[in-house]
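Report on the structure given below.
Just so you know, these numbers use all the heavy atoms, side chains as well, and skip hydrogens, waters and symmetry mates. Since we're looking at a predicted model, the values are computed, not measured.
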Amino acid sequence: MLEFMPVILFAVICIVLMFGFPVALSLAGTALLFAGMGLGLEAIGIDANFDGGYLAALPNRLYGIMTNQTLLAVPLFVLMGVLLEKSKVAETLLDAMALLFGSMRGGLGISVTLVGMLMAASTGIVGATVVTMGLMSLPTMLKRGYSTSLATGTICATGTLGQIIPPSIALVLLGDVLSSAYQQAQLDMGIFSPKTVSVGDLFMGALVPGLLLVVFYMIYVGLVSWLRPHMAPAADREELMAELGHTSGIGMLLLKGLVPPVVLIVAVLGSILSGFATPTEASAVGAFGALVLALAYRQLDWATLKDVLRSTTHVTTMVFLILIGAALFSLVFRAYGGEHMVTELFESMPGGVVGATIIVMLVIFLLGFILDFIEITFVVVPIVGPILLAMGLDPIWLGIMIAINLQTSFLTPPFGFALFYLRGVAPPSVSTSAIYRGVIPFILMQLGMLLLLTFFPQLATWLPDQF
């Protein structure tokens, strides 16, 4: 029984999280409980296979988390996203796209997808995108005769683009975890001058797959509108203009709504891709640019600024507390010999590295039904990452595969957060079952993207190799 303590620890963590307890406290509390059990059993002479020496590394782990320059990008990107949400840039852009494409079948769905892409590339916050799209576009789509499942599925799926299209907070966190895993894997292989993988590498690797997902979404909406016109009918442009309350032309709306976020995206991503700035430095540029935009749109006063800073502090504190809890969990898991257990499991698995990768991707996908992407990133990836990378996988390819897999966790019932966000702002006439039905095709498209990356890894590795 005691030899299976790592498995029991992991199972107990999942059960505690399913009960809805705070993630950081669940990770730290459960790990401390099992550490106490291990030390207690060793003290009374029972071999629990627990190496208490691992706990001595905790102070250094915590110090490393709090002084990590890469993680400084998290509060800055959150600040940028919240400021852009308050500046109402998305509302103007959504109105312009709706007027531009709304007169064609499926046009409103395509508009939502394009605006969601731009929101993802400028904010990287799934909740803000889904809520904004739900409030602004869902009533219009339903009023224009769109199928409830198609409308809600499109909004939820485009909201999750913030997970994969940079600058993404998920890629920042995943990049930091994978960087440590890659260095550990190389040290385990006897390479004492290890190569590194950075958040910027993941940003570049995610660009092509992220844009391909946007194309897949638009093709799907277009096919539905062509095969079943009643699910995505065309809208009258004059009626749309009157409904949205705009008297100015589409060109002025596009200029006002499109240029500012595109300039900000170019400033942030362009500085990273060109090598002029690290992701942390670029996040500071983005936060400052978002502040300027909010002031230019006259959407920033003291009350709004306090709200923005409070939201940023809340999200940042949550992330760092989870990091601390995950660090403690990782140490206790290793103290029980969990890392060796997983290594032996992977080495004995049929299919070698291919079989191990398939199992890991399947486990991450299934965990996405019950756990959040942050929990999976900090709990699962540090355990399996070093082992898979030591087996010869490309770290950028593995990172993008995990990121897209984690993207599905926002859409998979019953705990998909994008579903919760939309349910909170959708009209009562929209049933939860319709939202669940609507996201299924988009989940399948994301899984299809994983298959595409499996057979064509260059989709993720080509761009980083050019720099």
* Among pairs that include at least one residue of residues 151-164, which meet salt bridge (Lys or Arg N to Asp or Glu O under 4.0 Å), considering only residues two or more places apart or in two chains? -> none
* To do: Please confirm whether the backbone N or O of Gln163 pairs with a side-chain atom of Ser168, one donor and one acceptor, at under 3.5 Å?
  => yes
* Asked: Between Ile110 and Leu114, is any pair of side-chain heavy atoms under 4.5 Å apart?
  -> yes
* **Residue list, side-chain contact (heavy atoms from CB on, under 4.5 Å) with Ile358, at least two apart or on another chain** => Val354
* Structure fact -> Smallest heavy-atom separation, Ala290 atom then Leu264 atom, equals N-CD1, 4.1 Å
* **Pairs satisfying side-chain hydrogen bond (donor to acceptor under 3.5 Å, both in side chains), at least one member in residues 304-321, at least two apart** => Lys86-Asp307, Asp301-Thr304
* Okay, side chain of Tyr421, backbone of Gly134: is any donor-acceptor separation there less than 3.5 Å? -> no
* Structure fact -> On a heavy-atom basis, the closest approach of Ile169 and Val74 is CG2-CG1, 4.3 Å
* Where do Pro279 and Gly200 come nearest, in terms of heavy atoms and distance? -> CG-N, 3.6 Å
Taking only distance into account, with no hydrogens and no angle test, what donor-acceptor pairs under 3.5 Å do side-chain atoms of residues 213-224 form with protein atoms, sequence neighbours excluded?
from	atom 1	to	atom 2	distance (Å)
Tyr217	OH	Gln446	NE2	3.0

* **Partner set under ring pair (Phe, Tyr, Trp, His ring centres under 6.0 Å) for Phe329, not counting sequence neighbours** => Phe333
* May I ask you to test the Leu323-Leu62 pair for a side-chain heavy-atom distance under 4.5 Å? => no
Which donor-acceptor pairs under 3.5 Å do side chains of residues 390-408 form with protein atoms, sequence neighbours excluded?
from	atom 1	to	atom 2	distance (Å)
Asp394	OD1	Ile396	N	2.9
Asp394	OD1	Trp397	N	3.1
Trp397	NE1	Leu453	O	3.0
Asn405	ND2	Met361	O	2.8
Gln407	NE2	Thr160	O	3.3
Gln407	NE2	Thr160	OG1	3.2
Thr408	OG1	Asn405	O	2.5

* Please round to the nearest 0.5 Å and tell me the distance separating atom CZ of Phe365 and atom CD1 of Ile376. => 10.5 Å
* Residues forming a side-chain contact (heavy atoms from CB on, under 4.5 Å) with Ala335, sequence neighbours excluded -> Phe50, Tyr54
* Asked: Shortest non-hydrogen contact from Arg61 to Ala327?
  -> NH1-O, 4.0 Å
* Pairs touching residues 319-333 that satisfy side-chain hydrogen bond (donor to acceptor under 3.5 Å, both in side chains), sequence neighbours left out -> Ser330-Arg334
* To do: Assess whether side chain to side chain contact (heavy atoms under 4.5 Å, CB included) is satisfied between Cys156 and Leu411, documenting all intermediate values.
  => CA-CA 7 Å; Cys156 287; Leu411 296 178; 3.8 Å; yes
* Structure fact -> Residues passing the side-chain contact (heavy atoms from CB on, under 4.5 Å) test with Phe288, sequence neighbours excluded, are Val292
* Partners meeting side-chain hydrogen bond (donor to acceptor under 3.5 Å, both in side chains) with Thr280 (sequence neighbours left out) -> none
Residues 20-36 side chain polar contacts: donor-acceptor under 3.5 Å, at least two apart:
from	atom 1	to	atom 2	distance (Å)
Ser26	OG	Pro22	O	2.7
Thr30	OG1	Ser26	O	2.7

* **Positive for side-chain contact (heavy atoms from CB on, under 4.5 Å) with Ile364, one of Val360, Leu366, Leu362** => Val360
* **Ala181 versus Gly385, closest heavy-atom pair with distance** => CB-C, 4.1 Å
* Asked: Given Phe373 and Leu174, is the side chain to side chain contact (heavy atoms under 4.5 Å, CB included) satisfied, shown in steps?
  -> CA-CA 10 Å; Phe373 82 96; Leu174 189 60; over 6 Å; no
* To do: Examine distances only and state if a side-chain atom of Asp201 and a backbone atom of Ser198 form a donor-acceptor pair shorter than 3.5 Å.
  => yes
* **Derivation of the side chain to side chain contact (heavy atoms under 4.5 Å, CB included) call for Leu83 and Leu293** => CA-CA 8 Å; Leu83 279 169; Leu293 280 182; over 6 Å; no
* Sub-3.5 Å donor-acceptor pair from the side chain of Ser283 to the main-chain atoms of Leu76, do we have one? -> no
* Asked: Should Gln458 and Asp465 be marked as a side chain to side chain contact (heavy atoms under 4.5 Å, CB included) after you check the CA-CA gap, both sets of side-chain angles, and the distance that decides it?
  -> CA-CA 9 Å; Gln458 299 85 359; Asp465 289 343; over 6 Å; no
* Who are the side-chain contact (heavy atoms from CB on, under 4.5 Å) partners of Ile359, not counting sequence neighbours? -> Met349, Val363
* Asked: Is a side-chain donor or acceptor of Ser179 paired with a backbone partner of Gly175 at a separation under 3.5 angstrom?
  -> no
